[in-house]
Number of protein chains: 2
Amino acid sequence: MVVDELTEESVDHLFHALSDSTRRDILRRCAEEDRSVSRLADAYPMSFAGVQKHVAVLERAGLVTKERRGREQLVHTEPDAMDRVRQVLEELERTWRGRAERMSDLLAGRPRPRNTD
Amino acid sequence: MVVDELTEESVDHLFHALSDSTRRDILRRCAEEDRSVSRLADAYPMSFAGVQKHVAVLERAGLVTKERRGREQLVHTEPDAMDRVRQVLEELERTWRGRAERMSDLLAGRPRPRNTD
DNA sequence: CTCATCTACAACCATTCGGTTGTATGTTAG
DNA sequence: CTAACATACAACCGAATGGTTGTAGATGAG
């Protein structure tokens, strides 16, 4: 099942990871086929270490995982993570439509805000 | 139709706006019912100006719009924006599943990366 | 073994972010 | 008109981001 908590912080990480076009592109490339970090790095106009950091952000968000393969580190996407993103989005959209205001609280657990309503 | 460009930058803004729990909460509250900025501010443990900035981020992303109502400024959610987010996510997910690798390029237009594949 | 390759990670830097306070401007109530 | 309220916005600050270079450790090829 890998329900995987889905805390506010993890949702922060998920959306933050998706908020950069280079990282979204890394996701697309790795979805097509697993790639090593240095192979990925060849595709962008930045240093190897720079790409390494982007991969680390995607990793923290749980969107990709790395797997040793010889001296390379293969990056591959984690389908479950995408499900989590969609789940949050759907929850948000339900409230959007004005329905299931209660579900909102159950699914996402109101963040820090003290409800001064 | 409001196809609305959907440039890489606008996608950046969308996901960035969603990467903060306070902003997601603002979205939920405004989805339930339009609220003035100061009314929103009452709900969070931060200054009025702080909330103002969060609303500005949501506005830049096109997720909300403000409408003058007397001396207040009512914030209300923009359903179209949510559609755009879902659209990007679906595109990403298609590649995820290994299908329609071509669609990826058409829909999102590869970012800056020079394709050194 | 030796060397080239791939990775990890620290240190640094400019910019952005998330927050603050303070000031100015509009708008409505009395 | 005046006072109170709602907003706007600039200036500032510490922390995080997105990038860099440099160094060091594994691993595979020859």
Side-chain angles (χ1 to χ4, degrees), chain A residues 8-27 29-30 33-61 63-76 111-114 116, chain B residues 8-27 29-30 33-61 63-76 111-114 116:
Chain A
E8 287 296 329
E9 197 190 16
S10 72
V11 176
D12 290 358
H13 291 337
L14 276 173
F15 283 115
H16 170 69
L18 291 172
S19 74
D20 181 280
S21 68
T22 297
R23 286 194 291 265
R24 290 193 299 275
D25 193 69
I26 290 177
L27 281 180
R29 289 176 188 262
C30 291
E33 177 184 25
D34 291 2
R35 285 159 205 254
S36 69
V37 183
S38 57
R39 184 131 161 54
L40 280 171
D42 292 337
Y44 308 97
M46 74 180 71
S47 68
F48 172 80
V51 174
Q52 233 180 348
K53 278 194 175 185
H54 280 304
V55 172
V57 171
L58 291 168
E59 219 180 348
R60 183 182 63 165
L63 285 162
V64 305
T65 54
K66 286 187 292 189
E67 190 185 354
R68 263 252 129 72
R69 177 95 172 226
R71 64 180 157 185
E72 297 181 329
Q73 193 90 264
L74 290 191
V75 181
H76 59 92
R112 11 196 154 98
R114 57 202 49 187
T116 314
Chain B
E8 287 295 329
E9 197 190 16
S10 73
V11 177
D12 289 358
H13 290 338
L14 276 173
F15 283 114
H16 170 70
L18 292 171
S19 73
D20 181 279
S21 68
T22 298
R23 285 194 291 265
R24 289 192 300 275
D25 194 69
I26 289 177
L27 282 179
R29 288 174 190 264
C30 291
E33 177 185 26
D34 290 2
R35 284 159 204 255
S36 69
V37 183
S38 57
R39 184 129 161 53
L40 281 171
D42 292 338
Y44 308 96
M46 75 180 70
S47 68
F48 171 79
V51 175
Q52 234 180 347
K53 279 194 176 185
H54 280 303
V55 171
V57 171
L58 291 169
E59 219 179 347
R60 182 181 64 165
L63 284 162
V64 305
T65 53
K66 287 186 292 187
E67 190 184 355
R68 263 253 129 68
R69 176 96 173 227
R71 63 180 158 185
E72 298 180 329
Q73 193 90 265
L74 291 192
V75 180
H76 58 92
R112 8 192 156 104
R114 57 200 53 180
T116 314

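Quick note on labels: first sequence line is chain A, next is B, and so on, each numbered from 1. Only heavy atoms go into these numbers, but all of them, side chains included; no hydrogens, no water, no symmetry mates.
Residue B:R23 is classed as a sugar-phosphate contact, given heavy-atom separations below 4.0 Å to backbone atoms only. Residue contacts shown for B:G70 are limited to sugar-phosphate atoms, with no base heavy atom under 4.0 Å away. Across all strands, A:R68 comes closer than 4.0 Å only to sugar-phosphate atoms, never to a base (heavy-atom distances). Across all strands, A:S38 comes closer than 4.0 Å only to sugar-phosphate atoms, never to a base (heavy-atom distances).
Rounded to an integer number of Å, the gap from CZ of B:R35 to P of D:dA6 is 15 Å. Rounded to a whole Å, the CZ atom of B:R39 is 11 Å from the P atom of D:dA6. In this structure, CG of B:D20 is placed 12 Å from P of D:dT17, rounded to the nearest angstrom. Atom CD in A:Q52 sits roughly 8 Å away from atom P in C:dC9 (whole-Å rounding). Atoms CG (B:D12) and P (D:dT17) sit 15 Å apart, rounded to a whole Å. Put simply, CE on B:M46 is 12 Å from P on C:dT21, counting in whole angstrom units. If you measure from atom CG of B:L18 to atom P of C:dG18, you get 12 Å, rounded to the nearest angstrom. One interatomic measurement links the two molecules: CZ of B:F48 to C1' of D:dA8, which rounds to 8 Å at whole-angstrom precision.
Two residues are said to be in side-chain contact when any heavy atoms from C-beta on lie closer than 4.5 Å; A:L58 and A:V75 fail this criterion. When side chains are defined from C-beta on, B:L18 does not count as touching B:R23, because their heavy atoms never get closer than 4.5 Å. When side chains are defined from C-beta on, B:M46 counts as touching B:T22, because their heavy atoms get closer than 4.5 Å. For the pair A:R29 and A:R35, the minimum side-chain heavy-atom distance is below 4.5 Å.
Considering only side-chain atoms of A:H54, the nucleotide from C:dT5, C:dG18, D:dG19 that sits closest is D:dG19. Among the nucleotides D:dT17, D:dA29, D:dG19, the one closest to the side chain of A:H16 is D:dT17. Taking only side-chain atoms of A:K53, from C-beta outward, the nucleotide of D:dT7, C:dA11, C:dT7 with the closest atom is C:dA11.
Where B:R71 and B:G50 each meet DNA chain C at their nearest nucleotide, the meeting point lying more 5' is that of B:G50. Map B:V51 and B:R60 each onto its nearest nucleotide of DNA chain C; the residue landing nearer the 5' end is B:R60.
Counting only distance, with no hydrogens or angles, the side chain of A:R39 and the backbone of A:D34 share no donor-acceptor pair below 3.5 Å.
The shortest distance between the side-chain N/O atoms of A:S36 and the OP1/OP2 oxygens of C:dC6 is not below 4.0 Å.
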